[in-house]
Chemist: 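Please see the structure below; I have some questions.
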Amino acid sequence: MTRSGQEYLESLRDGREVWLDGERVKDVTRHAAFRNTAASIARLYDLAHSSGHRARLTSDGEHRAFAVPRSYEDLVARREAYKVWAEASFGFLGRTPDYMAGGAAGFAAAPAVFTTDSFDGADNALAYWRRLAEGDLYATFTLANPQIDRTRPASEQEEDDLVVRAVAEKDGGVVVRGAKMIGTASVFGNEVVVGTIEPLAPQDVEHALCFSLPLDTPGLKLLSRTSYEAQARSVYDNPLSSRFDENDALLVCDDVFVPWERMLTYRNVDTTFRMWWRTPAYVNFVHQAATRFWTKLEFLTGIAILLTKANNTHRLPQVTQAVGRLMGKVAQAKAFVLAAEASYEQVDGGDGAAVGAGGVMPGKEISFAQRIMAGELYPQAVQEIRMLAGGGLIQLPASGEDLLHPELGPLVRKYIRSPGHPAEDRVKLLKLAWDALGSEFAGRHEQYERFYHGAPHVYLMQQAWEGDTAACEELARSCLDGYGLTGRAAGEDAAR
Ligand SMILES: Cc1cc2nc3c(=O)[nH]c(=O)nc-3n(C[C@H](O)[C@H](O)[C@H](O)COP(=O)(O)OP(=O)(O)OC[C@H]3O[C@@H](n4cnc5c(N)ncnc54)[C@H](O)[C@@H]3O)c2cc1C
């Protein structure tokens, strides 16, 4: 059953080891760096209980993201659920609970992928999915190795324990040590998946494992980056960063014990990679992400339109064209979602597909291409809106306090205004725009949209290898084959 926001917040008070600015955080639901965002996530859970959203968000009492879709209609229904949560944060919470929920449903659709001669993780993968769905748990994931030296495999870094690896087998499980990046929203999760989504080298056997642990597991540490929420002056001054700072943390496993039943893959380079790509897990990730991306562009374009109205530039032809370009980008983002659904594929669940039998997933080709489009389009959209906004984004009072001040308030009201827009409204809009487009929080979002799907040098290669390059080549070849240096084009004589 879906949890209430209050139940979710209580689940975070479990003694987890979160560090920020050299201090251990006692309670993320009360700390100034995390509490507003925790409350924003709690509100997502509450939406599932509100009469206006329950039907779109849930089915049979569970969030729709946990379900294994079995038809095109199921995919559409899941996307409509994704959209509700995406709109609640205007697209600025990327790793909401529905993200990894879709990943887990992907495992359940093809559990046979987890079965190998050396370790059979199929039952654990199914149990993982059931545990999340039944408890309505918030799972996050850390699937990238710390950068350190990108030219060397995990097993050949300067020290043995830089990347999470198995160091010893004990009764009932394995002790792991090392780090993973980047744990977005992990401080707000109930469980975190630790694995690797990019190819490992054949010799990286000790690093080839994937497991999921509760955040209060002894030895599991989260080292938070700078908190934008803590830096925010107020909701009026920093409306997004004060409430939707989903956090990113370095995950450190300091001799953490992983029980066998929480292990999904173990000492298998191939399965540790394939579990993301040969199940619908990754494509399901993209389905959520692409819906959120579309929502975020709708929101940013809305800000752009409001800015042009506030500056009274909205009737200028060049400005209308810029808005047209933005609307074109919104349509592109939407089209990728709809096209991935329309090109849905049957899941090959293998022999163990009892749960996932008959499962479908969004089309791979379009889903994979969404990563390329979104990573390139987002900075273009931000640039377009900043050009529309001009210097007003910067010429703002340091905080809303100036508006409340008896001497400064009248000055601000006199000089920072536009026709039909009192100073309070104009400052409010421009502060929202700066938070979305130019603040440190906004810079993090640009980096997020470029990299959260993985690094371009990896996914561009994948697109070229897995795409139907032969069909493109053949079409071009057919043109070349249709004429010669001296002769006429094939068919030309017959046509005369
Ligand atoms: C804000 C943010 C949040 C994220 N959240 C999560 C999360 O919650 N969970 C998660 O698992 N991941 C997350 N990621 C994604 C992940 O952590 C990595 O950013 C992603 O996998 C890319 O790896 P990298 O950043 O180490 O880049 P790198 O792989 O180091 O690449 C950086 C650049 O180095 C160059 N380069 C490096 N290696 C090569 C090569 N072999 N060939 C050619 N060029 C190369 C390229 O120019 C490349 O763009 C997040 C990323 C960001 C930015």
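FYI, side chains are in, hydrogens and waters are out, and symmetry mates aren't considered; it's all heavy atoms of this structure. Order of appearance sets the numbers: ligands from 1, and atoms from 1 within every ligand.
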Chemist: Among all protein non-hydrogen atoms, which one is nearest to atom 2 (C) of ligand 1, and what is the separation to 0.1 Å?
Modeler: Tyr448 CD1, 3.6 Å
Chemist: Backbone or side chain, does any N or O of Arg150 fall under 3.5 Å from an N or O of ligand 1?
Modeler: yes
Chemist: Has ligand 1 got any nitrogen or oxygen that is less than 3.5 angstrom from a nitrogen or oxygen of Gln147?
Modeler: yes
Chemist: Does Lys180 come within less than 4.0 Å of ligand 1, judged by its heavy atoms?
Modeler: no
Chemist: Are Phe368 and Tyr459, when compared by the centres of their aromatic rings, separated by less than 6.0 Å?
Modeler: no
Chemist: Less than 4.0 Å between atom 47 (O) of ligand 1 and some protein heavy atom, yes or no?
Modeler: no
Chemist: For Met327, does the CE atom have more than 12 heavy-atom neighbours from other residues, nucleotides or ligands under 6.0 Å away?
Modeler: no
Chemist: For Gly183 and ligand 1, does the shortest N/O to N/O distance drop below 3.5 Å?
Modeler: no
Chemist: For ligand 1 and Arg444, I'd like to know whether there is a polar contact (N/O to N/O, distance under 3.5 Å).
Modeler: no
Chemist: What part of Arg450, side chain, backbone, both or neither, has a heavy atom within less than 4.0 angstrom of ligand 1?
Modeler: neither
Chemist: Looking only at distances, please establish whether an N/O atom of ligand 1 is found under 3.5 Å from an N/O atom of Phe141.
Modeler: yes
Chemist: Can you tell me if CG on Asp255 sees more than 12 non-hydrogen neighbours from other groups inside 6.0 Å?
Modeler: yes
Chemist: To which protein heavy atom is atom 16 (C) of ligand 1 closest, and what is the distance rounded to 0.1 Å?
Modeler: Ala144 CB, 3.8 Å
Chemist: Is atom 25 (O) of ligand 1 close to the protein, meaning a heavy atom under 4.0 Å from it?
Modeler: yes
Chemist: Just to confirm my output: which protein heavy-atom neighbour is closest to atom 14 (N) of ligand 1, and how far is it?
Modeler: Tyr452 CA, 4.1 Å
Chemist: Salt bridge or not for Asp161 and Arg165, using N-O below 4.0 Å?
Modeler: yes
Chemist: Would the Phe188 and Tyr138 ring centres measure less than 6.0 Å apart?
Modeler: no
Chemist: In Å, rounded to the nearest 0.5 Å, how long is the span from CD of Glu206 to CG of Leu200?
Modeler: 12.0 Å
Chemist: What protein heavy atom sits nearest atom 52 (C) of ligand 1, and how far away is it?
Modeler: Ile182 CD1, 3.5 Å
Chemist: Among protein heavy atoms, which sits nearest to atom 3 (C) of ligand 1, and what does the distance come to when rounded to 0.1 Å?
Modeler: Thr184 OG1, 3.1 Å
Chemist: Considering only protein heavy atoms, which is closest to atom 37 (C) of ligand 1, and at what distance to one decimal place?
Modeler: His457 CE1, 3.3 Å
Chemist: For atom 11 (O) of ligand 1, what's the nearest protein heavy-atom neighbour? Residue, atom name and distance, please.
Modeler: Leu143 N, 2.7 Å
Chemist: Between Gly454 and ligand 1, does any nitrogen or oxygen pair lie at a separation below 3.5 Å?
Modeler: no
Chemist: Go through ligand 1 atom by atom and flag the ones less than 4.0 Å from a non-hydrogen atom of Glu198.
Modeler: 21 (O)
Chemist: Are Trp277 and Tyr282 close enough that their ring centers fall under 6.0 Å?
Modeler: yes
Chemist: What protein heavy atom sits nearest atom 15 (C) of ligand 1, and how far away is it?
Modeler: Phe451 O, 3.4 Å
Chemist: Before we go on, tell me: are the rings of Phe107 and Trp276 under 6.0 Å apart, centre to centre?
Modeler: yes
Chemist: Do you see a protein non-hydrogen atom under 4.0 Å from atom 33 (C) of ligand 1?
Modeler: no
Chemist: Give the numbers and elements of all ligand 1 atoms closer than 4.0 Å to a heavy atom of Thr142.
Modeler: 11 (O)
Chemist: For Phe336 and Trp294, I'd like to know if the aromatic rings sit close, meaning centre-to-centre distance below 6.0 Å.
Modeler: no
Chemist: So Trp19 and Glu23, side-chain hydrogen bond (donor to acceptor under 3.5 Å, both in side chains) or not? Walk me through it.
Modeler: CA-CA 6 Å; Trp19 291 87; Glu23 278 177 26; over 6 Å; no
Chemist: Is Asn145 close to ligand 1, meaning an N/O of one under 3.5 Å from an N/O of the other?
Modeler: no
Chemist: State whether the number of non-hydrogen atoms from other residues, nucleotides or ligands found under 6.0 Å of Lys334 atom NZ is greater than 12.
Modeler: no
Chemist: With heavy atoms under 4.0 Å as the rule, classify the contact between Val458 and ligand 1 as side chain, backbone, both or neither.
Modeler: neither
Chemist: Taking only Lys NZ, Arg NE, NH1 and NH2, and the carboxylate oxygens of Asp or Glu, determine whether Arg444 and Glu246 approach each other closer than 4.0 Å.
Modeler: yes
Chemist: Here's one to test your reading of the geometry: is the NZ or CZ of Arg79 within 45 degrees of the ring axis of Tyr344 and under 6.0 Å from its centre?
Modeler: no
Chemist: Kindly check if the number of other-residue, nucleotide or ligand heavy atoms within 6.0 Å of NZ (Lys428) is above 12?
Modeler: no
